[in-house]
There are 2 protein chains.
Amino acid sequence: MMDPFQAHCEMEVTLAVISGKWKADIVQILSDGTPRRYGFFQKILPEVTPKILTNQLRELENAGILTRAIYPEVPVRVEYQLTEAGTGLLPILEALEIWAQSYTKKIR
Amino acid sequence: MMDPFQAHCEMEVTLAVISGKWKADIVQILSDGTPRRYGFFQKILPEVTPKILTNQLRELENAGILTRAIYPEVPVRVEYQLTEAGTGLLPILEALEIWAQSYTKKIR
DNA sequence: CGGTATCCGCCACGATACTG
DNA sequence: CAGTATCGTGGCGGATACCG
């Protein structure tokens, strides 16, 4: 991830947070508030390899977008959930989606 | 630039369009509607090298975000201006900026 | 003035295999 | 179940020099 604090303009902080091949997908999967487990992401995103999935999750965690809760049961359970900051991202992602839709219509 | 048409979710089309080290800056420079010349970008963004600047401008042009008008005077004059699609991006960039501001306050 | 041409380093992303 | 470990690579961004 690009260092958000050497961005030229503020908005690049946000871009830095959600730029990452699978981050938008991950945030969207968590968008309904339900805590989700590692295997759930693998099921929804079958193309992402474990290493990459872990990497993207960790970067979002470090950015404060989601939390990672470990329940030391047997077998172990790990749950990911959006933080308040992550939830604040949702309207923006929706705006990105809406713009993309009208854009695709015009360009394609 | 990542191919916008093999994105997993629609919003990544938008991310693909504005992801690029200097693209947000370029769009913001053009945000007031005034046509701007190549040298103007170089003056505002002294760190970007000519090759990179050209590259970022071309990618935005190919994405339909801005137009490139050549006036074959002597010396030649080239002017860049936002398209309608590019203008539609402005509220989104502002939303990114606003989110970044509250985010920076919380995290830093 | 507004670019090209050439060369190159870095690192995000990935394939594959293995593990506490 | 939820991850590491290792090795590999494509292409974005950059430094530097040159051009119509």
Side-chain angles (χ1 to χ4, degrees), chain A residues 1-4 6-9 12 15-26 29-30 35-63 65-81, chain B residues 1-9 12 15-27 29-30 35-63 65-81:
Chain A
M1 185 173 81
M2 164 180 124
D3 181 359
Q6 58 176 350
H8 334 102
C9 47
E12 283 165 9
L15 285 176
V17 167
I18 51 178
S19 289
K21 186 131 184 213
W22 305 96
K23 289 181 188 172
D25 305 80
I26 289 170
I29 287 169
L30 294 176
R36 297 296 186 183
R37 303 175 63 173
Y38 189 87
F40 187 78
F41 295 107
Q42 287 190 310
K43 202 166 59 179
I44 305 293
L45 308 170
E47 295 162 288
V48 61
T49 62
K51 181 197 156 189
I52 302 301
L53 178 56
T54 300
N55 166 48
Q56 301 279 298
L57 287 167
R58 289 294 199 285
E59 287 194 1
L60 287 170
E61 186 192 0
N62 293 335
I65 302 306
L66 51 79
T67 56
R68 176 171 177 268
I70 307 163
Y71 302 93
E73 310 163 351
V74 190
V76 63
R77 178 165 54 102
V78 177
E79 288 186 344
Y80 296 90
Q81 198 167 3
Chain B
M1 184 173 83
M2 163 182 127
D3 181 359
F5 297 115
Q6 57 176 351
H8 336 101
C9 49
E12 282 166 11
L15 286 175
V17 166
I18 52 179
S19 288
K21 187 131 183 215
W22 305 95
K23 289 182 187 172
D25 306 79
I26 289 171
V27 171
I29 287 170
L30 295 175
R36 297 297 187 184
R37 303 176 62 175
Y38 189 88
F40 187 79
F41 295 106
Q42 288 190 308
K43 203 167 57 181
I44 305 294
L45 308 169
E47 295 161 287
V48 61
T49 62
K51 181 201 153 186
I52 301 302
L53 179 55
T54 300
N55 166 49
Q56 302 279 296
L57 286 167
R58 290 294 198 284
E59 288 195 358
L60 288 171
E61 185 192 0
N62 293 334
I65 302 305
L66 52 77
T67 56
R68 177 171 176 269
I70 309 164
Y71 302 94
E73 311 164 349
V74 190
V76 63
R77 179 165 53 102
V78 177
E79 287 186 346
Y80 296 89
Q81 197 167 4

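Throughout, protein chains are lettered first and strands after them, A, B, ... in sequence-line order, and every chain is numbered starting at 1.
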Q: Counting only side-chain nitrogens and oxygens, does B:R37 get under 4.0 Å of the OP1 or OP2 atom of C:dC1?
A: no
Q: By the 4.0 Å heavy-atom rule, please label A:Y80 as base, sugar-phosphate, or nothing.
A: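 Sugar-phosphate: the residue A:Y80, judged by heavy atoms under 4.0 Å, touches backbone atoms but no base.
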Q: Looking at B:E59 and B:K23, is any side-chain nitrogen of the basic one under 4.0 Å from a carboxylate oxygen of the acidic one?
A: yes
Q: Specify the closest pair of heavy atoms between A:V76 and A:R37, including all atoms of both residues, with the distance to one decimal.
A: O-NH2, 3.8 Å
Q: Angle between the two end axes of the helix from C:dC1-D:dG20 to C:dG20-D:dC1, five base pairs per end, rounded to 10 degrees?
A: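 End-to-end axis angle for the helix from C:dC1-D:dG20 to C:dG20-D:dC1: 60°, rounded to 10°.
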Q: Tell me whether the OP1 or OP2 atom of C:dG2 has a side-chain N or O from B:R77 closer than 4.0 Å.
A: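 Checking B:R77 against C:dG2: no side-chain N or O falls below 4.0 Å of OP1 or OP2.
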Q: Rounded to whole Å, please give me the gap between CD1 in B:I70 and C1' in C:dG3.
A: 11 Å
Q: Taking CG from A:N55 and P from D:dT4, how many angstroms apart are they, rounded to a whole number?
A: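 Taking CG of A:N55 and P of D:dT4, I get 10 Å after rounding.
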Q: Atom CD of B:Q56 and atom P of D:dG11: how far apart are they, to the nearest Å?
A: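 Taking CD of B:Q56 and P of D:dG11, I get 16 Å after rounding.
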Q: May I have the distance from A:F40 (atom CZ) to D:dC1 (atom P), rounded to whole angstrom?
A: 15 Å
Q: Return the NZ to CG distance between A:K21 and B:L15, rounded to the nearest 0.5 Å.
A: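 Spacing of NZ (A:K21) from CG (B:L15) equals 13.5 Å.
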Q: About how many Å separate CD of B:Q56 and CG of B:L45, when rounded to the nearest 0.5 Å?
A: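 Taking CG in B:L45 and CD in B:Q56, the distance rounds to 10.0 Å.
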Q: To the nearest angstrom, how far is A:K21 atom NZ from D:dG10 atom P?
A: 13 Å
Q: Check whether any side-chain nitrogen or oxygen of A:R68 sits under 4.0 Å from OP1 or OP2 of D:dA2, and answer yes or no.
A: no
Q: Aromatic rings B:F41 and B:Y80: how do their planes relate, parallel, tilted or perpendicular, breaks at 30° and 60°?
A: perpendicular
Q: Quick one: list whatever passes side chain to side chain contact (heavy atoms under 4.5 Å, CB included) with B:E47, sequence neighbours left out.
A: B:W22
Q: Between D:dT4 and A:R58, is there an OP1 or OP2 to side-chain N/O distance shorter than 4.0 Å?
A: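 Indeed, a polar side-chain atom of A:R58 lies that close.
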Q: Mind checking the CD-CG spacing from A:E79 to A:L66? Nearest 0.5 Å is all I need.
A: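 Going from the CD atom of A:E79 to the CG atom of A:L66 covers 12.5 Å.
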Q: So how far is it from B:R68 CZ to B:L60 CG, rounded to the nearest 0.5 Å?
A: 13.0 Å
Q: Could you write nucleotides 15-20 of chain C as a row of B, S and -, 5' to 3', where a protein heavy atom under 4.0 Å of any base atom gives B, of only sugar-phosphate atoms gives S, and otherwise -?
A: BB----
Q: To the nearest 0.5 Å, how far apart are CD1 in B:I26 and CD1 in B:I65?
A: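 Nearest 0.5 Å value for the CD1-CD1 distance: 11.5 Å.
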Q: Over how many whole Å does the gap from B:E79 atom CD to C:dG2 atom P extend?
A: 9 Å
Q: Once you round it to whole Å, what is the distance between P of D:dA2 and CD of A:Q42?
A: 8 Å
Q: A:R36 side chain N/O closer than 4.0 Å to the phosphate oxygens (OP1, OP2) of D:dC1?
A: no
Q: Quickly work out the B:I26 CD1 to D:dG13 C1' distance and round it to whole Å.
A: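 That distance rounds to 13 Å.
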Q: Which is true for A:Y71 with a 4.0 Å heavy-atom rule: it touches a base, it touches only sugar-phosphate, or it touches nothing?
A: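 Nothing, no heavy atom under 4.0 Å.
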Q: Pick from B:L30, B:I44, B:V78: which one makes a side chain to side chain contact (heavy atoms under 4.5 Å, CB included) with B:R36?
A: B:L30
